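Here is the naming used below: chain letters follow the sequence lines, and residue numbers restart at 1 for every chain. Just so it is clear, the model here is predicted, and its values are computed rather than measured.
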Protein chains: 2
Amino acid sequence: MSLTFFKSEMMSIDTSSLVDKVEESLVALLRERKLGVGDVIPKEIELAELLGVSRTVIREALTRLRLMGLIESKKRKGSVITSPDLFGMMSKSMNPHILDQDTLKEIFELRLVLEIGIADLLFHRVTKEDIDELKQIVADEPPVTQYHIFNIDYEVAFHSKLYEITNNQTLKKFQKMLLPVFDYVHHSGLLKKQSLLRTFVSHKDLVDILENGNPEKFRNGMRDHLENHFARIFDFS
Amino acid sequence: MSLTFFKSEMMSIDTSSLVDKVEESLVALLRERKLGVGDVIPKEIELAELLGVSRTVIREALTRLRLMGLIESKKRKGSVITSPDLFGMMSKSMNPHILDQDTLKEIFELRLVLEIGIADLLFHRVTKEDIDELKQIVADEPPVTQYHIFNIDYEVAFHSKLYEITNNQTLKKFQKMLLPVFDYVHHSGLLKKQSLLRTFVSHKDLVDILENGNPEKFRNGMRDHLENHFARIFDFS
DNA sequence: ATCTTTGATATGTCATACATAATACTAATA
DNA sequence: TATTAGTATTATGTATGACATATCAAAGAT
């Protein structure tokens, strides 16, 4: 037998634990039985018998599903299937103090990408009320000084509202999760200091574009509005 | 005592389970002790004693951390802290068959947002080799017919390469995770059928823009390239 | 008929024992 | 001496049984 044979054999050895397999089995089971949101799944002991493992393993597997937001467990009632919260879990590990620097910077970039990319969604879904609300937010902002020192609260309020307008909950949750990281990176020494070269497209300008312009203009406006951040990214390396 | 008193009492009752608390305690513990990637954490029994709970509870809590990608457990060695894989967990629940329709559509949108938003990253980081590779991919594609029936494989190859050029691993992983969902939504009856109105900006056009144009042109080009998808989204509701 | 109590039930927690795999240590062999 | 084979140790993985607790439902009291 050749060495490569052994290697391929080695590679194919199942390194997953029992719980891993049970987890898969459970997901498969749910799909098989076409169980949807709201349906209760068999109780732990039954599952243990069905799959031929101990309740401990079942419980660990169920814990994972619960963690994924796939099920919710209630005493006496059992576990019911719920619509998975994609970001519920993720947000727990989205801790700036734990993430490494590279990832942090990448998340910073990700936010910029999103803000520019949502232009079309915005224009298609924005309402008169949204425009009014944005105007109100802008009106409440302190006057922009020459040095463009922005208040993080107003910054968040404005951009959060934009995500809201997209009417895309997934996107909204995603942004909410990214926020603390963005804030952290912004204030940490991870990126080059702000250059403050010139005055950029303001929030007010963006609202104007959203009201009277088109997606293309908005993308360019947003790109310019974020120039400060982009400059910090690109200057770093 | 008034009713509202009772109500507020009720509300403030901690509904979280022991495991929930232990989980928080553990994360706090790690941060407190300033444990970084690679450090081993105390063994399960020690943690059980330290926090005054059974090993079962500790294990469930550790399972969660492991699931978050915060730690890795090895027999005999114990558990060591790892750099959390933000999307490792998420990708498990990113199962088209499990997600509800609204979320699926939102993810579909998310992909479009990303592709348009990455223009600046692309232009800042693209190399001559990348351009060549893209040209090669395009050259291998079958001729685009009038009806714009695209082959999903070539589609994926091209767009994946774009994400690669951004040199943003987080973004890349994110895209990889979104792919199956996008594919699923594309083929499912969730969205309106393709309208096939006209010929759009092709992959080749995009490469040209990336080579000779600027971010703004690329964003517009990509927007046009994706017009088909956007039309399906916006026509739905 | 309504409220209270009680009991049944399924998950939550605990304790213990054993299995398994990876490492460290020891001893045998060249 | 160095290398290998075997053995012991150790921490996680799995199994089992017991009890705690919360919730629902039915029986019972008002």
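- Whole-Å rounding puts the Glu46(A) CD to dT9(C) P distance at 12 Å.
- Checked by atom type and distance alone, the side chain of Thr166(B) pairs as donor or acceptor with a backbone atom of Tyr163(B) at under 3.5 Å.
- In this structure, Glu60(B) places its CD atom 14 Å from C1' of dG13(D), rounding to the nearest Å.
- Remark: P of dT16(C) and CD of Glu44(B) are 16 Å apart, rounded to the nearest angstrom.
- Nearest nucleotide to the Val57(B) side chain, out of dA15(D), dT13(C), dT12(D): dT13(C).
- Put simply, Lys75(B) has no side-chain N or O that comes within less than 4.0 Å of OP1 or OP2 on dG13(D).
- Contact check on Glu72(B) versus Arg66(B) returns no salt bridge, with no Lys/Arg side-chain nitrogen under 4.0 Å from an Asp/Glu carboxylate oxygen.
- Nearest-nucleotide assignment on DNA chain D puts the 5′-proximal partner with Lys43(B), out of Ser54(A) and Lys43(B).
- Nearest-nucleotide mapping onto DNA chain C: of Val19(B) and Gly78(A), the residue sitting toward the 5' end is Gly78(A).
- Between His229(B) and Phe182(B), the distance separating the two ring centers is shorter than 6.0 angstrom.
- For Phe158(A) and Tyr154(A), the ring centers are positioned 6.0 Å apart or more.
- Straight-line distance from the CD1 atom of Ile45(B) to the C1' atom of dG13(D): 13 Å, rounded to whole Å.
- One atom, NZ of Lys74(B), and another, C1' of dT9(D), lie 19 Å apart when rounded to the nearest Å.
- Among the nucleotides dT12(D), dG12(C), dT16(D), the one closest to the side chain of Arg59(A) is dG12(C).
- Listed candidates were dG12(C), dG13(D), dA15(D). Nearest to the side chain of Val53(A) is dA15(D).
- Remark: the Thr56(A) side chain and the dA15(D) base include a donor-acceptor N/O pair separated by less than 3.5 Å.
- Rounding to the nearest 0.5 Å places NZ of Lys105(A) at 6.5 Å from CD of Gln101(A).
- Note: NZ (Lys77(B)) to P (dA11(D)) measures 14 Å, nearest angstrom.
- Below the 3.5 angstrom threshold, one finds a donor paired with an acceptor across the side chain of Arg55(B) and the base of dG13(D).
- In the interface, the side chain of Arg76(B) is paired with the base of dT9(D) through a donor and an acceptor atom under 3.5 Å apart.
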